[in-house]
Amino acid sequence: MKSSSHAPSATSLPRAPRDDVDARSIRYLVTMGIRVACFVLMVVITPYGWYTWVFGAAAIFLPYIAVVSANVGQEGRRNRREDPEAALPAAPSAPPTPESRVIRIEETHPGARDTPDEAE
């Protein structure tokens, strides 16, 4: 996780939600305007040829592209994968000795005899 002791600068702050919605609306309207132009060009330009199919395909698929791109806000474009390796500390220079890795726990019960010879 990234942590910083200083406040973020004004240039690193995300876009205001209102500005984000306005930008997405403009992007949607421009894409739909291109779709209408493709539809009109498909019908108006004669003789019909391969470009008629290109304009028709654009008129069919541009609404999907417009809606998907309009629904992806600022958060969707900023999400990036963070590598957890960068946050891990460096490995120790020498491996620890086996004795330091072994933990021995000995339990004694209250009232238990101290030596096994007393049990005889």
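Predicted model, so just to flag it, every value in this text is computed and none were measured.
- Criterion: ILVMFWY side-chain heavy atoms under 4.5 Å apart, direct or through other members. Under it, Leu29 and Met32 are part of a common hydrophobic cluster.
- Between atom CD1 of residue Ile65 and atom OH of residue Tyr28 there is a gap of 12.5 Å, rounded to the nearest 0.5 Å.
- Under a hydrophobic clustering in which Ile, Leu, Val, Met, Phe, Trp and Tyr are joined whenever their side-chain heavy atoms come within less than 4.5 Å, directly or via other members, Val43 and Trp50 fall into the same cluster.
- Crowding of Tyr51 atom OH: a count of heavy atoms from other residues, nucleotides or ligands under 6.0 Å exceeding 12.
- Note: the hydrophobic cluster containing Val72 does not contain Val21 (ILVMFWY, side chain heavy atoms under 4.5 Å, direct or indirect links).
- Nearest heavy-atom pair, Ser69 versus Arg27, reported as atom, atom and distance to 0.1 Å: O-NH2, 3.1 Å.
- The two residues Pro63 and Arg35 make their nearest non-hydrogen contact at CG-NE, 3.4 Å.
- To the nearest 0.5 Å, atoms CE (Met42) and OH (Tyr48) are separated by 8.5 Å.
- Look at Arg24 and Asp20 and you find a salt bridge, because one of the NZ, NE, NH1 or NH2 atoms lies within 4.0 Å of a carboxylate O, short of that distance.
- Put simply, CD1 on Ile34 and CG on Leu62 are 7.0 Å apart, with the number rounded to the nearest 0.5 Å.
- Between Phe55 and Ile45, some side-chain heavy-atom pair lies under the 4.5 Å cut-off.
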